[in-house]
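Working notes, structure below.
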Amino acid sequence: MMKFFTLVLVNFFTKTSILITHFFHVYHLSSSPCISAMKSELSRNSSGVTEFILLGFRTAPDIQILLFLFFLLVYVVTVVGNVSMIIVIRMDSRLHTPMYFFLRHLSYVDLCYSTVIAPKTLANFLSHEKKISYNGCAAQFFFFALFVTTESILLAVMAFDRFSAICSPLLYPVHMSQKVCAQLVTGSYICGGLNSMVHTGFTFSLRFCGENHLDHFFCDVSALIKISCVDTSVNEMVLFILSALIIVTTTTVILVSYAYILSTVLKIPSTHGRGKTFSTCGSHMATVTLFYGTVFFMYAQPGAISSPGQNKVVAVLYTLIIPMLNPLIYSLRNRDVKDAVRRVLHRK
C-alpha cells in the first residue's frame with residue numbers, strides 16, 4: 001500500500017510537470033508566430049493596464065460596513081485559531097507526531113492564504129478607489145493559488161497518514177518517519193508552486209486592452225479571464241484540466257485511504273474500539289468535505305467562471321470561512337488538542 005501511494009504522488013508531480021511544459025509550449029506556439037511578437041504583445045499589455053479596480057460586493061454603504069465587520073471578525077478568529085494551533089503543537093511534546101506535524105502545516109497554510117486575501121479586502125471596504133496594482137494583483141493571485149493547491153495535497157497526505165496509522169500500525173514509524181513527513185510536506189509546497197506558476201503565467205500573459213474592473217473582491221482567475229480582450233479558451237482549458245487533475249489525484253488518495261480504513265475498522269470486534277478509531281478521522285473528514293466541496297464547485301467544472309455573484313459567495317467560504325473553521329474543528333473534536341491547550345494554559 002505504501003508503494004501505491006508513493007507511486008501516486010510521484011506520478012502526480014511528474015505528470016503535472018509534463019502537462020505544464022506541454023501546454024505552455026503549445027499555447028505559445030499557437031498564440032504568436034515568434035518570440036519577439038509575444039514579447040511585444042506583453043509589453044503593450046503591461047503599458048495598457050497598470051492597476052485593477054476590485055468591484056467587490058456592490059451593495060449599499062450600510063451593508064458595506066456590516067460586511068467589513070463580518071470579514072474582520074472572521075479574519076481575527078482565523079488568525080487567533082491557526083496561530084494558537086501552531087503554538088500549541090510546537091510547545092506540547094506529546095503532539096510531536098506525524099499527524100500533528102501535518103496539522104501544524106495545515107494551520108500555517110490556512111493562515112497564509114487567508115492573509116493573502118483578507119487584509120486587502122478589508123481595506124477596500126473602507127476605500128472608494130478599491131485599487132490594486134498589476135504586480136500586486138499577480139502576487140496575490142500567485143500566493144493564493146500556491147497555498148490553496150498546497151492545502152489540497154496536504155489533506156491527501158493527512159489521509160495517507162491516518163491509513164498508515166490504522167491499517168499498518170507496526171510499520172507506521174517507518175512509513176511516517178521524520179524524513180518521509182518532511183518530504184511529503186516539501187512535495188506539497190513544490191506542487192503548489194508549480195501549479196501556481198502555470199496559472200499565473202497563463203493568466204497574466206493575457207491582454208486586457210484597458211479594461212481593468214474586476215467583478216470580484218480579490219484577483220481570481222475567473223474575474224481576470226472575463227475582462228480579457230483575447231481568446232481565453234486555452235486558459236479555461238488549462239484551468240479546468242489542472243484543477244481536475246489535482247482534485248482527482250488527491251481525492252483518489254483520500255477515498256482509497258478511507259476505504260482501507262473502513263475495512264480495517266469494521267474488523268474491530270469492540271464497538272468502543274471502532275468509535276475511538278473513527279474519532280481520529282472525523283476532524284479530517286469534515287475538513288476534506290468542506291474544502292473539496294467548495295473548490296470543486298468553484299474551479300473543477302466547465303462554465304464555473306460564468307457566474308461572478310455565485311463565485312463571490314463560494315470564494316468567501318474557502319478564503320475566509322474554511323480557514324477559520326479548520327482549527328475549531330480540530331480543537332473541538334480532538335481530545336489530544338484540547339488536553340494540550342489545557343496544559344499550555346496551565347503552564348502560564
Side-chain angles (χ1 to χ4, degrees), residues 12 15-49 52-55 132 134-135 137-142 144-146 148-149 152 191-251 292 294-315 318:
F12 176 65
K15 290 179 180 179
T16 300
S17 301
I18 294 172
L19 191 64
I20 288 167
T21 304
H22 174 71
F23 270 101
F24 188 80
H25 178 68
V26 171
Y27 173 70
H28 284 288
L29 283 180
S30 62
S31 62
S32 60
C34 61
I35 296 177
S36 60
M38 183 186 70
K39 290 181 178 179
S40 175
E41 180 178 323
L42 292 176
S43 176
R44 289 196 303 271
N45 176 63
S46 62
S47 63
V49 174
F52 294 100
I53 307 297
L54 296 170
L55 299 178
I132 185 171
Y134 184 91
N135 291 334
C137 186
Q140 185 185 61
F141 181 90
F142 173 83
F144 175 71
L146 164 64
V148 169
T149 306
S152 67
C191 192
L194 286 173
N195 182 61
S196 181
M197 283 190 290
V198 173
H199 284 314
T200 304
F202 269 88
T203 302
F204 285 88
S205 65
L206 294 172
R207 292 186 60 194
F208 300 103
C209 304
E211 174 57 50
N212 67 342
H213 288 72
L214 295 179
D215 193 7
H216 217 302
F217 60 92
F218 71 99
C219 291
D220 191 33
V221 61
S222 58
L224 288 162
I225 285 177
K226 284 184 73 74
I227 67 170
S228 175
C229 59
V230 296
D231 181 25
T232 61
S233 58
V234 173
N235 295 72
E236 294 179 35
M237 181 172 61
V238 170
L239 171 66
F240 173 72
I241 290 176
L242 287 183
S243 299
L245 177 64
I246 293 168
I247 292 175
V248 168
T249 303
T250 52
T251 50
Y292 278 93
T294 54
V295 171
F296 179 85
F297 184 83
M298 188 73 177
Y299 294 114
Q301 51 175 328
I305 64 173
S306 61
S307 177
Q310 192 178 60
N311 285 354
K312 291 176 192 177
V313 175
V314 178
Y318 69 79

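The model shown is predicted, which means the values in this text are computed figures rather than measured ones.
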Is the backbone of Ile225 close enough, under 3.5 Å, to the side chain of Ser228 for a donor and an acceptor to pair up by distance?
no
Roughly how far apart are Ile246 CD1 and Ile241 CD1, rounded to 0.5 Å?
12.0 Å
Is there side-chain contact between Phe204 and Cys137, with heavy atoms separated by less than 4.5 Å?
yes
Where is the tightest heavy-atom contact between His216 and Ala315, given as atom of each residue plus distance?
CE1-CB, 3.6 Å
I'd like to check Tyr134 versus Asn212 (side-chain heavy atoms, cut-off strictly below 4.5 Å). Are they in contact?
no
Restricting to non-hydrogen atoms, name the atom on Asp215 and the atom on Leu55 that form the minimum distance, rounded to 0.1 Å.
CA-CD1, 4.0 Å
Heavy-atom closest pair (His199 atom, Val238 atom, distance to 0.1 Å) is CE1-O, 4.0 Å
Hey, does Leu194 have a side-chain heavy atom less than 4.5 Å from the side chain of Met197?
yes
Do the side chain of Ser196 and the main chain of Phe142 share a donor and acceptor less than 3.5 angstrom apart?
yes
Report the relative orientation of the aromatic rings in Tyr318 and Phe218; use parallel for angles under 30°, tilted for 30 to 60°, perpendicular for over 60°.
perpendicular
Which one of Ile53, Ile227, Asp220 satisfies the side-chain contact (heavy atoms from CB on, under 4.5 Å) criterion with Leu214?
Ile227
Straight-line distance of Phe208 CZ to Leu224 CG, nearest 0.5 Å
5.0 Å
So, Thr149 side chain and Leu146 main chain: donor-acceptor pair closer than 3.5 Å or not?
no
To the nearest 0.5 Å, atom CE of Met237 lies from atom CG of Leu242 at 10.0 Å
At their closest point, which heavy atom of Val248 faces which heavy atom of Thr251, and how far apart are they?
O-OG1, 3.1 Å
